[in-house]
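Working notes for the structure below.
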Amino acid sequence: GIIKGNEGLVEKSNLFEWTQVPLGKMLEKRLRLPVILETDVKASIMEEYEGNCEFQVPHLGFLSLSLGLGAAFFKDGKLLRGAHGGCGEISHKLLVFKGRQCQCGKLGCAAAYLSTHSILDQAERLSGRKISLGDIKKAYIEEQLWAKHLIEELSGYLAILINECLIYQN
């Protein structure tokens with residue numbers, strides 16, 4: 001979702017269907033402890049950076065492709081937050097002009113192509129049958145044309161998305 005971490009505000013969460021929920025303040029009151037909210041991706045990169053000496057480098061990027069999409073970046077050892085904490089919020093970034101319908105209602109969002117659900121939908125459309133992520137991997141290894149086509153297309157979308165993220169981080 002979209003979180004204003006320092007304010008403890010969940011602006012929007014599709015998973016919980018929340019809008020403008022002051023979760024941080026609610027937790028602070030209940031726990032009697034200070035609370036800062038982070039997206040799962042920002043929390044993950046912070047954990048990797050702090051807990052793994054291999055990742056303690058000046059610049060680090062982290063990309064998550066799952067139910068939603070997200071990215072997080074460290075520059076000079078500091079987490080980049082961007083305007084209003086939105087750095088790395090890429091799920092609804094335009095990826096394909098007039099592309100597939102996204103669950104948000106817009107056309108061509110990155111999530112409409114690269115979320116787990118959308119990848120499975122595309123695989124089922126191309127293969128003509130019910131598919132799991134393991135089926136995609138197996139079909140790709142077996143060099144089935146539909147799987148090769150899907151992976152090539154998704155790799156291209158991913159390259160565009162990563163390039164766009166890097167352009168705005170320099």
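Just so you know, these numbers use all the heavy atoms, side chains as well, and skip hydrogens, waters and symmetry mates.
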Separation between CD1 of I131 and NZ of K138, rounded to the nearest 0.5 Å: 10.5 Å
Whether over 12 other heavy atoms sit under 6.0 Å from H117 NE2: no
CD on E28 to CE on M26, rounded to 0.5 Å: 12.0 Å
Nearest-0.5 Å distance that lies between atom CD in E38 and atom OG in S44: 10.5 Å
Min side-chain heavy-atom separation C109-K93 under 4.5 Å: no
Sub-4.5 Å side-chain heavy-atom contact between T19 and V10: no
Interatomic spacing from CD in E153 to CD in Q122 - rounded to 0.5 Å: 6.0 Å
For Q144, side chain to side chain contact (heavy atoms under 4.5 Å, CB included) partners two or more places apart: A139, E142, W146
Minimal non-hydrogen separation, L150 against A123, with atom names: CD2-CB, 3.7 Å
ILVMFWY cluster, L33 and L37 together (side-chain gap under 4.5 Å): yes
Whichever hydrophobic residues join F55 through chains of side-chain contacts under 4.5 Å: V41, I45, M46, Y49, V57, L60, F62, F74, L79
G51 backbone acceptor or donor facing E47 side chain under 3.5 Å: no
Reported CG-to-CD1 distance for the pair L95 and I160, which is rounded to 0.5 angstrom: 5.5 Å
Single-linkage hydrophobic cluster, 4.5 Å side-chain cutoff, I162 and L94 together: no
By side chain to side chain contact (heavy atoms under 4.5 Å, CB included) - contacts of K29 (at least two apart): none
L31, CG atom: more than 12 neighbouring heavy atoms under 6.0 Å: yes
Residue pair D135 / S132, side-chain heavy-atom distance below 4.5 Å: yes
Min side-chain heavy-atom separation N52-E54 under 4.5 Å: yes
Heavy-atom closest pair, residues A112 and S118: O-CB, 3.2 Å
Heavy-atom closest pair, residues I119 and L114: CD1-O, 3.6 Å
K106 side chain to H92 backbone, donor-acceptor under 3.5 Å: yes
Spacing of I90 atom CD1 and L65 atom CG [to the nearest 0.5 Å]: 7.0 Å
Exercise: identify the closest heavy-atom pair between A111 and L69: N-CD1, 3.6 Å
ring-ring contact (aromatic ring centres under 6.0 Å, His included) partners of Y157, counting only residues at least two apart: Y113
Inter- and intrachain pairs under salt bridge (charged side-chain N to carboxylate O under 4.0 Å, His left out), touching residues 118-133, at least two apart: E124-K130
In one Ile/Leu/Val/Met/Phe/Trp/Tyr side-chain cluster, 4.5 Å: L154, L107: no
For Q20, all residues meeting side chain to side chain contact (heavy atoms under 4.5 Å, CB included), sequence neighbours excluded: L9, E11
